[in-house]
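Notes to accompany the following structure.
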Amino acid sequence: MAFLFARRYDIFDISMEAAMPDLLIRDLDPGLRRQLEERAKAHGRSLSDEAKSLIRRSLAVPMEDGLGTRLFSLLPDSARGDDLVFDVRGGGVEPPDFS
């Protein structure tokens with residue numbers, strides 16, 4: 001019995017290098033899927049190959065700034081401000097001395 005079990009592993013390559021992980025995207029907007037299908041058809045690719053191509057291209061672009069900076073740059077000037085500045089009642093508070 002052990003021989004047959006070992007024989008099965010000789011036939012199939014089950015190493016991690018051979019494994020190709022999948023990516024499942026749930027709740028994809030129908031309009032986005034339609035756009036992806038149209039792009040795939042225009043490029044003569046399958047839906048999966050088109051998605052992989054788009055992911056590869058987007059990851060090839062170096063991210064010079066952090067995500068927060070990029071998101072902040074998408075806001076119009078009128079929406080930008082110092083909303084993390086708080087007024088402290090009673091004046092400044094000295095930090096505690098832990099020494």
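Residues take their numbers from the sequence shown, with the count starting at 1.
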Are any non-hydrogen side-chain atoms of I55 and K52 less than 4.5 angstrom apart?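 A side-chain contact is absent here, since even the closest heavy-atom pair is not under 4.5 Å.
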With a 4.5 Å cut-off on side-chain heavy atoms, are T69 and F72 touching?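 Not touching, per the 4.5 Å side-chain cut-off.
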Side chain to side chain contact (heavy atoms under 4.5 Å, CB included) against P30, all qualifying residues, sequence neighbours excluded: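 Checked P30 against side chain to side chain contact (heavy atoms under 4.5 Å, CB included); zero matches.
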Indicate if L28 and L47 have the same hydrophobic cluster label, given that clusters are the connected sets of ILVMFWY residues with side-chain heavy-atom separations under 4.5 angstrom.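 L28 does not cluster with L47.
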Do L71 and L59 share a hydrophobic cluster (ILVMFWY, side-chain heavy atoms under 4.5 Å, transitive)?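 Each belongs to a different hydrophobic cluster.
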Considering residues, nucleotides and ligands other than R33, do more than 12 of their heavy atoms fall under 6.0 Å from its CZ?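 Counting other residues, nucleotides and ligands, CZ of R33 stays at 12 neighbours or fewer.
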So which heavy atom on A40 is nearest to which on S46, and how close?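 Reported closest heavy-atom pair: CB-O, 3.7 Å.
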Can you measure from CG (D49) to CZ (R56) and round to the nearest 0.5 angstrom?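 Rounded to the nearest 0.5 Å, the CG-CZ separation comes out at 8.0 Å.
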Give, for atom NE2 of H43 and atom CG of L54, the distance between the pair rounded to the nearest 0.5 Å.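 With rounding to 0.5 Å, NE2 (H43) is 8.0 Å from CG (L54).
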Do K41 and E37 meet the salt-bridge criterion of a basic N to acidic O distance under 4.0 Å?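 No, this pair does not count.
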